[in-house]
Amino acid sequence: MSLLEVKDIKKSYKDLEVLKGVSLTMEEGEVVSVIGPSGSGKSTFLRCATMLENIDSGSLIYNGSTAVKTDANGKIIFADYNELKKIRSYFSMVFQNFNLFPHYNVLKNITDAPVNVLKQDKDTAIKNAMHLLETVGLDGKENSYPCELSGGQQQRVAIARALAMNPKIIFFDEPTSALDPEITAGVLKILKKLAQEKKTMLIVTHEISFARNISDRVIFMDGGHIIEQGTPEEVIDNPKNERTKQFLNTLSGK
């Protein structure tokens, strides 16, 4: 049984068709990077996969449980409340702009959802949070507020917050796009460590060398479609599709 099955999802905003039938399967422990030009549908795909946006048609299945599907009449059917709640616990999302609660300190940002959503014992949640802060190199920052942290530190808190929910899969939407190159390296190092620990991750990224080094599979999206997918060696080093070649050549200045 696959951890995630996305089947033929479509999404439009008024007359703009952003996703034109995207399908993807992910297995536990797999790291998949999604690359492609701006406007190709990468972030919309992530938002649909995490149900932050409603799909127009298709289906989403997590760990064998159907979250949303299209019936014979083309109507979208969601799982019931309790089933959806269970499915939502399977994944976490890390946003490019961190999305931390500004009025909570670091510790509260990390422990809030485990305590209130997972009903975790507060002492356990704090213990886990302190361990995660150490993991992301932020021990001693538990009482700081987001405004007192650099962008890179805020993104590390966001990663710790996602890990605190103990998800089966973590989605990352351009996790380094708001950071300068020096800070980016530190965040990418954490993601690489998570990959080595066999955390299941789907990462939308513009960091091509990072995608090559970390990924089991790379997906190239353009125009609302998955154009090409395969190992990093296949997609990044030896792309078959002409559009993939053009994109990568543009990035390398060829």
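No experiment lies behind these values; they were computed from the predicted model shown.
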Verify the neighbour count for atom [atom1] of [X]: are there more than 12 heavy atoms of other residues, nucleotides or ligands below 6.0 Å?
X: K199; atom1: NZ; result: no
X: Y81; atom1: OH; result: no
X: E182; atom1: CD; result: no

For S57, enumerate each residue passing the side-chain hydrogen bond (donor to acceptor under 3.5 Å, both in side chains) test, keeping only those at least two apart in sequence or located in another chain.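 Testing S57 for side-chain hydrogen bond (donor to acceptor under 3.5 Å, both in side chains), a comparison that skips the adjacent residues, returns none.
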Test applied, side-chain contact (heavy atoms from CB on, under 4.5 Å); reference residue, F172; option that passes from V187, V34, I159, T205: I159
Plane angle bin for F220 and F247 - parallel if under 30°, tilted between 30 and 60°, otherwise perpendicular: tilted
Can L24 be reached from V235 by stepping across I, L, V, M, F, W or Y side chains whose heavy atoms are under 4.5 Å apart? no
Would you say F78 ends up clustered with Y90 if hydrophobic residues are merged whenever their side chains have heavy atoms under 4.5 Å apart, either directly or through other cluster members?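 Same cluster.
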E30/R217 salt bridge by N-O under 4.0 Å criterion: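 Result for this pair is yes, salt bridge flagged.
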CA sep, side-chain torsions, deciding dist, call: L149, F98, side chain to side chain contact (heavy atoms under 4.5 Å, CB included): CA-CA 12 Å; L149 303 176; F98 328 131; over 6 Å; no
Pairwise distance [atom1]([X]) to [atom2]([Y]) - rounded to 0.5 angstrom:
X: I170; Y: K168; atom1: CD1; atom2: NZ; value: 13.0 Å
X: I35; Y: R212; atom1: CD1; atom2: CZ; value: 9.5 Å
X: R243; Y: H225; atom1: CZ; atom2: NE2; value: 13.0 Å
X: R88; Y: Y62; atom1: CZ; atom2: OH; value: 9.5 Å

Which pair of heavy atoms, one from P232 and one from S215, lies closest together, and at what distance? CG-O, 3.3 Å
Specify the closest pair of heavy atoms between A162 and V94, including all atoms of both residues, with the distance to one decimal. CB-CG2, 3.7 Å
So, [X] side chain and [Y] main chain: donor-acceptor pair closer than 3.5 Å or not?
X: E197; Y: A195; answer: no
X: D216; Y: V31; answer: yes
X: E228; Y: K240; answer: yes
X: T200; Y: G29; answer: yes

Walk me through it: do Q155 and I190 pass the test side chain to side chain contact (heavy atoms under 4.5 Å, CB included)? CA-CA 11 Å; Q155 191 60 293; I190 291 167; over 6 Å; no
Would T176 and F210 count as a side chain to side chain contact (heavy atoms under 4.5 Å, CB included) here? Give the steps. CA-CA 11 Å; T176 59; F210 168 70; over 6 Å; no
Going through the checks in order, is the side chain to side chain contact (heavy atoms under 4.5 Å, CB included) test met by E53 and T44? CA-CA 8 Å; E53 299 273 1; T44 300; 5.5 Å; no
Would you kindly say whether E83 and S65 are connected by a side-chain donor-acceptor distance under 3.5 Å? yes
